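For reference, the structure discussed in these notes is given below.
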Amino acid sequence: MTILADLRTRTRGWHPPSRYAGAAYGVVAVLCVAALLVDHRTLEGAPIWVKPLKFAISGSLYFLTWSWLVSLLPRFRRTADWLTNALVVIFTGEYVLLALQAARGRASHFNNATPLDATIYDVMGKMIIGLWTATLALTVLVMFTKVADRASFRAVRAGAVLSLVGISLGMLMTSPTARQLAQWKAGGAQDVVGAHTVGLADGGPGLPILGWSTVGGDLRIPHFVGMHALQALPLLAIALLALTSRFPRLRDDVVRARLVLIGAAGYAGLIALVTWQALRAQSIVHPDAVTSGAAAALVAAVGLASWAVVRAPARVAA
C-alpha cells in the first residue's frame, strides 16, 4: 500500500486520461498473457494474442511517458491536454480493431482478403495518420518543456523527436512488395498489401514474443527501436543522475547533458543501422561483416566521445 500511495503522489500532477490509459493497457497486457495461455491459435506461425500483447505494452509505456511529459509543459498546457486526449482515443480505437481481428483469427495489418478486413485495415491506417499528426504536434510542444536538470531537458527533447522518427518508419511496411506488385500486374487478386519482412514472405521463423524475423529483414525493428527513444533517453538521464553519488564527475550537469547528447546521437545511429539492415533483407540475428563493422564503429564512436567528455578537465567555478 505504501508503494501504491507513493506512486499516486509522484504521478498526481501527470495528465490524468493518459495516466489512466497507461495503467489500463498494463492490465490489458496481463489479460493478453492469460489469453495466450488458454487460446493456442496461431496466425502466420505466431500465437494469435502476441500482437495485442506487444501493442498493449507499447501503449502503456507510450501513454505513461506522455502523461509525464505533458505535466512538464510551462505553456500550451490546454492544447497539449487536448492532443494527448486525442492520442488516447485514437490509439484505443485502433487497439479495439486489432483485438477484434485477433479474436476473429484474422490479420489486422495489410489484410485485404475480404471487404470487412479491408475496411478495418483502412480505418486503422487513417487512425495511424491521426496518431502521427497528434504526436508531431506534441513533439513541437515538448520543445518548450521546462526541466531544471539540463541533461533531462535534452533527453526529453531528443527522445520525442526520435520517437516520432520511429513512428514514421512504420510507413515503410505499408508499401506493396515486389512480389505483390508482380501479382497485380499479372491480374491476380491481392489479399495482402504490404509486409514487415523484407526478402521473404511474412510468417517465417522469428524471435520469441517479439516475432522479429530470424531469416530475413524485419521493418518492425527500426519502428520499435525508434518509437521507444521516448523512454530510453529520459531513462539514460535518470541513470546518470542516480550515478552522481558514486561518480563525482557526473555531478556536473554539463557533463551529464553532453553524455545525453552523445547517447541521443548513438541512438539515432542505431535507428539508422537497424533500418539499413532490415532494408537489405538481413536478419537482426545474422548480421554480415559490413553490418557488424558499422555496429562496432558506432559503439566505438559513442564510447570514445563519452570517455572524452568524462575525462575533460572539470569546470572551475567563478
Side-chain angles (χ1 to χ4, degrees), residues 14-22 24-25 51-52 54-101 108-111 118-145 155-176 193-194 196 219-234 264 267-268 271-272 275:
W14 292 13
H15 178 256
S18 53
R19 184 182 69 204
Y20 295 141
Y25 280 109
K51 191 169 189 176
K54 292 189 292 185
F55 269 68
I57 294 172
S58 288
S60 181
L61 293 172
Y62 184 74
F63 286 121
L64 289 175
T65 306
W66 274 116
S67 181
W68 167 61
L69 290 177
V70 169
S71 72
L72 302 176
L73 287 172
R75 292 184 290 168
F76 312 114
R77 181 64 183 271
R78 183 175 296 179
T79 301
D81 285 348
W82 184 88
L83 288 168
T84 312
N85 290 340
L87 286 181
V88 172
V89 172
I90 295 169
F91 185 90
T92 299
E94 182 186 5
Y95 191 86
V96 167
L97 293 176
L98 183 144
L100 172 65
Q101 288 295 76
S108 55
H109 290 74
F110 321 128
N111 190 355
T119 299
I120 289 175
Y121 178 45
D122 182 61
V123 171
M124 290 178 69
K126 290 180 171 62
M127 286 179 170
I128 291 171
I129 293 173
L131 195 76
W132 184 89
T133 303
T135 302
L136 172 62
L138 280 169
T139 300
V140 172
L141 294 182
V142 161
M143 299 301 110
F144 299 95
T145 300
V156 164
R157 297 176 77 177
V161 171
L162 290 178
S163 178
L164 184 65
V165 171
I167 294 173
S168 303
L169 288 171
M171 298 299 293
L172 293 174
M173 295 181 269
T174 63
S175 301
V193 179
H196 52 73
L219 294 169
R220 291 174 295 185
I221 299 172
H223 180 54
F224 174 89
V225 172
M227 188 167 59
H228 289 294
L230 194 63
Q231 291 82 39
L233 293 180
Y267 204 96
I271 295 170
T275 303

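Here, residue 1 is the first one in the sequence, and each next residue gets the next number. Note that the structure is a prediction, hence the values are computed from the model and not measured.
Without hydrogens or angle criteria, Ser168 side chain to Leu164 main chain gives a donor-acceptor distance under 3.5 Å. A donor-acceptor pair is defined here as one N or O able to donate and one able to accept, closer than 3.5 Å; such a pair exists between the side chain of Ser71 and the backbone of Trp68.
The aromatic rings of Phe91 and Phe63 lie perpendicular to each other, with more than 60° between the two planes, well past the 30° mark.
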Q | Pair Tyr62-Ser18, side chain to side chain donor-acceptor pair (under 3.5 Å): steps then yes or no | A | CA-CA 9 Å; Tyr62 184 74; Ser18 53; over 6 Å; no
Q: Could you walk me through whether Gln101 and Tyr121 pass the side-chain contact (heavy atoms from CB on, under 4.5 Å) test, one step at a time?
A: CA-CA 10 Å; Gln101 288 295 76; Tyr121 178 45; over 6 Å; no
Q.
Walk me through whether Ile90 and Trp132 qualify under side-chain contact (heavy atoms from CB on, under 4.5 Å).
A. CA-CA 10 Å; Ile90 295 169; Trp132 184 89; over 6 Å; no
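Side-chain contact between Leu131 and Ile167: absent, with no pair of heavy atoms (C-beta onward) separated by less than 4.5 Å. Looking at heavy atoms from C-beta onward, Asn111 lies out of side-chain contact with Ile120 at the 4.5 angstrom threshold. Looking only at side-chain heavy atoms (C-beta outward), His15 and Asn85 come within less than 4.5 Å of each other. By the 4.5 Å heavy-atom criterion applied to side chains, Leu169 and Met227 are not counted as neighbours. Between Leu69 and Leu138, every side-chain heavy-atom pair lies at or beyond the 4.5 Å cut-off. Leu64 is not listed as a side-chain neighbour of Tyr25, based on a closest heavy-atom distance of 4.5 Å or more. For the pair Phe55 and Glu94, the minimum side-chain heavy-atom distance is below 4.5 Å.
Side-chain atoms of Ser67 and Tyr20 include no donor-acceptor pair closer than 3.5 Å. Looking at His228 and Ser58, their side chains do bring a donor and an acceptor atom within 3.5 Å of each other.
Rounded to the nearest 0.5 angstrom, His109 NE2 and Leu98 CG are separated by 6.0 Å. Taken from CD1 in Ile128 to OG1 in Thr133, the straight-line distance is 11.5 Å, to the nearest 0.5 Å. Once rounded to the nearest 0.5 Å, the distance linking CG of Leu97 with OG1 of Thr119 reads 10.5 Å. For the atom pair OG1 of Thr84 and CZ of Arg77, the computed distance is 8.5 Å after rounding to the nearest 0.5 Å. To the nearest 0.5 angstrom, Leu73 atom CG is 14.0 Å from Arg78 atom CZ. Taking CG from Leu72 and CH2 from Trp14, the interatomic distance works out to 9.0 Å, rounded to the nearest 0.5 Å.
Looking at every heavy atom in both residues, Phe144 comes nearest to Pro74 through O-CD, 3.1 Å. A pairwise comparison of heavy atoms in Leu230 and Ala160 identifies CD1-CA, 3.7 Å as the closest pair. Among all heavy-atom pairs drawn from Thr139 and Trp66, the shortest one is N-CH2, 4.0 Å. Across Leu162 and Ala264, no two heavy atoms sit closer than the pair CD1-O, 3.8 Å. Listed here is the closest heavy atom pair of Thr275 and Pro222: OG1-CB, 3.0 Å. The shortest heavy-atom contact between Ala229 and Pro234 is O-CD, 3.7 Å.
Around atom CE of Met171, no more than 12 heavy atoms belonging to other residues, nucleotides or ligands sit under 6.0 Å away.
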